[in-house]
Amino acid sequence: MKKKILFVVTSHDEKGNTGEKTGFYLSEVAHPWNVLMNSGYEIDFVSPKGGKAPVDGLNLGDSINKKFWEDSKYRKKVENTFKPSEINPENYAAIHFAGGHGAMWDFPEDEQLSNIAAKIYEKNGIVSAVCHGPAGIVNIKLSNGKYLVDGKKVNAFTNEEEVAVKLDKVVPFLLENKLIERGATFEKSGLWQSHVVTDQRLITGQNPQSAQAVGEAMLEQLKQQEIVGKLTRFEVKKEYQDQFQKVVSEYVKSSLSKEGNIMSEAYYEKEKPSVLWVIERWKNVNELENFNNDSQAKKINSLAKKALTQPIKTIDVKDLEPISKEQWRRTSKKEDNQLTIMLFVDAKAGTQQTFKDTYHVAMPQFRSEPGVVTYQLSQFENDPTQFVTFEKFRGDDAFQYHLKFPPIQPVIDYLNTSIKEQPFQKGLHNLIEFAPLTRE
């Protein structure tokens, strides 16, 4: 994704009929902006009406607020915001809804903004909001018809905080209540305490004190979004199998030594040993491209010209439930008889969000099973209806336990009803690791 982020600010400048002025709260723009801008991200601004956005909380004693307000480029941007009709969601890796009481009046019913956010999210982008900014997420619906917040942990300006500022009878609704009504699990801390929740690329912060932490959480998620996943399939002529495995093993060993590598493993298929798979994760595309010029990568490409029965097949994937480098590199024990499964899933168009939601609920439980080493779900970069799971178990007993584990049933129900070709087991590949083959 491009290194651009869209900030949403309110166009509304009055607190109901009180006569008190409001707008976007400066620190809820400036603090996330500072974190992201310092990391190389370009920020654009949009508001429901476009043009100059009214500002509240104009505290220039805060050095970061002052830095933003005196930055001529960004001051011009926030005083000349885009209209929603001028925004192409494809250009953004994330969208951030800044707070300020004005957001309560114009964010919720702006269908264009909701649609922009839904498109960014469903392209594996990030949605964030802070304080009253979550007013912009209460009506976002995904392609499966569910609210974005349904089933997710969130927070926002709390009922207690609204009472404390004596505006609980002025705002059109209470954010905490509305989010719960939409199916969210609401988390909160005490008055004016920093509190940020991240759940499946949705980041929410409680109040102005949370703005800096929201920016930091966004940056962490954006780094995860830059991770490159790659599956490479080789079908090797019988007479070259030993030689090709040796070259691939050297490739894996070399890649694992690179700082930008997260994981690299190689397998052959149990049912068809002539088919080899190299499975990789890199911090970003530049790290992968740099290694593609490595001598070990060149050796594979050179040997492939004569050793393969068909062209190399490469599948670029995006992990939907990212894990750390340390988690990726967990290994089985020496006494284990490791079992590794890849399941390719070709979903019926329109059902892919349901599949992702189903896995989102089940994934933490799968990963907590005693016999699971690694469990990941990824989506094809070039086709959002195609997915692949990567499941590593300590042995067949652990796999059989997994198949009887109650949380798997909703996944099985989906696979039996919502993929293009039945039975789903046709997409199952049993893999035998040959590199790096390390064990605890």
Side-chain angles (χ1 to χ4, degrees), residues 5 7-10 12 15 20-39 41 43 45 53-69 71 74 78 94-104 107 126-138 149 152-168 170-171 173-180 184-199 202-222:
I5 298 168
F7 274 33
V8 188
V9 290
T10 182
H12 191 83
K15 297 175 183 176
E20 293 181 31
K21 291 298 181 182
T22 186
F24 73 87
Y25 208 79
L26 181 58
S27 65
E28 294 167 23
V29 165
H31 284 251
W33 162 83
N34 189 55
V35 171
L36 299 165
M37 185 268 298
N38 285 340
S39 296
Y41 287 90
I43 312 297
F45 289 87
V55 63
D56 197 0
L58 191 62
N59 173 19
L60 300 186
D62 179 308
S63 61
I64 295 175
N65 284 357
K66 188 172 188 290
K67 177 182 176 182
F68 174 83
W69 201 243
D71 187 302
Y74 280 98
V78 84
I95 183 170
H96 170 65
F97 290 87
H101 269 93
M104 295 293 290
F107 279 7
I126 295 157
V127 175
S128 76
V130 64
C131 197
H132 289 93
I137 68 173
V138 295
V149 300
K152 295 185 179 70
K153 293 179 285 189
V154 304
N155 75 352
F157 205 66
T158 66
N159 290 350
E160 293 86 351
E161 286 169 325
E162 207 68 82
V163 169
V165 298
K166 299 180 180 178
L167 290 170
D168 55 306
V170 175
V171 290
F173 57 89
L174 293 174
L175 255 180
E176 179 180 335
N177 291 355
K178 182 66 72 173
L179 288 163
I180 292 170
T185 300
F186 196 89
E187 297 187 351
K188 58 183 174 181
S189 294
L191 296 175
W192 326 125
Q193 300 298 305
S194 176
H195 189 136
V196 175
V197 178
T198 300
D199 192 346
L202 175 63
I203 301 166
T204 45
Q206 183 169 317
N207 43 37
Q209 290 78 7
S210 309
Q212 170 86 12
V214 165
E216 291 166 353
M218 289 180 72
L219 183 59
E220 183 60 33
Q221 284 286 303
L222 286 160

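Any value given below was found using the heavy atoms of this structure, including those in side chains, with hydrogens, waters and symmetry copies removed.
The two residues Ile64 and Asp62 make their nearest non-hydrogen contact at N-OD1, 2.9 Å. When every heavy atom of Phe173 is checked against every heavy atom of Met104, the shortest pair comes out as O-CE, 3.0 Å. Taking every heavy atom of both residues into account, Ala53 and Thr10 meet most closely at CB-O, 3.8 Å. When all heavy atoms of Val154 and Ala184 are compared, the closest pair comes out as CG2-CB, 3.5 Å. Contact record, Leu167 with Lys15: CD1-CD, 4.0 Å, taken as the closest heavy-atom pair. In this structure, Pro32 and His96 approach most closely via the heavy-atom pair CG-NE2, 3.9 Å.
Remark: Ser27 engages Tyr25, His31, Asn65, Pro208 in a side chain to side chain contact (heavy atoms under 4.5 Å, CB included) (not counting sequence neighbours). Judged as a side chain to side chain contact (heavy atoms under 4.5 Å, CB included), and not counting sequence neighbours, the contacts of Val163 are Asp168.
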Under the side-chain contact (heavy atoms from CB on, under 4.5 Å) rule, what do Leu179 and Val138 come out as? Steps first, then yes or no, please. CA-CA 6 Å; Leu179 288 163; Val138 295; 3.7 Å; yes
The test is side-chain contact (heavy atoms from CB on, under 4.5 Å); show your working for Gln221 and Glu216 and say whether it passes. CA-CA 9 Å; Gln221 284 286 303; Glu216 291 166 353; over 6 Å; no
Residues Val35, Gln212; criterion side-chain contact (heavy atoms from CB on, under 4.5 Å); working and verdict: CA-CA 7 Å; Val35 171; Gln212 170 86 12; 3.7 Å; yes
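Formation of a donor-acceptor pair under 3.5 Å by the Glu161 side chain with backbone atoms of Thr158 is found in this model. In this structure, the side chain of Asn207 engages the main chain of Ser210 through a donor-acceptor pair within 3.5 Å. Using modelled atom types, one side-chain atom of Asn155 and one backbone atom of His195 make a donor-acceptor pair closer than 3.5 Å. Without hydrogens or angle criteria, Gln206 side chain to Lys188 main chain gives no donor-acceptor distance under 3.5 Å. Asp199 places a side-chain N or O within 3.5 Å of a backbone atom of Lys153 that can act as its donor or acceptor partner. A side-chain donor-acceptor contact under 3.5 Å links Asn38 to the backbone of Asn34.
Contact check for Ile43 versus Leu36: side-chain heavy atoms found under the 4.5 Å cut-off. Contact annotation: the side chain of Val196 never approaches that of Thr204 to less than 4.5 Å [non-hydrogen atoms, C-beta and beyond]. Looking at heavy atoms from C-beta onward, Leu60 lies in side-chain contact with Leu26 at the 4.5 angstrom threshold. Considering only heavy atoms from C-beta on, Trp69 comes within 4.5 Å of Val55 through its side chain. Counting heavy atoms from C-beta outward, Phe107 and Val8 have side chains that approach closer than 4.5 Å. In this structure the side chain of Phe7 never reaches within 4.5 angstrom of the side chain of Val78, judged on heavy atoms. Put simply, the side chain of Phe97 reaches to within 4.5 Å of the side chain of Ile137, judged on heavy atoms. Using a 4.5 Å heavy-atom cutoff, the side chains of Phe45 and Val29 are in contact.
Atoms CD1 and CE, on Ile95 and Met218 in that order, are 9.5 Å from each other to the nearest 0.5 Å. Taking OG1 of Thr22 as the start and NE2 of His132 as the end, the distance is 8.5 Å to the nearest 0.5 Å. Once rounded to the nearest 0.5 Å, the distance linking CD of Gln209 with OG of Ser189 reads 11.0 Å. Atom CD of Glu176 sits about 5.0 Å away from atom CD1 of Ile180, to the nearest 0.5 Å.
Taking the six-membered ring where the residue is Trp, the centroids of Tyr74 and Trp33 are separated by under 6.0 Å.
Ring geometry for Phe157 against Trp192 counts as tilted: the plane angle lies between 30° and 60°, on a 0 to 90° scale.
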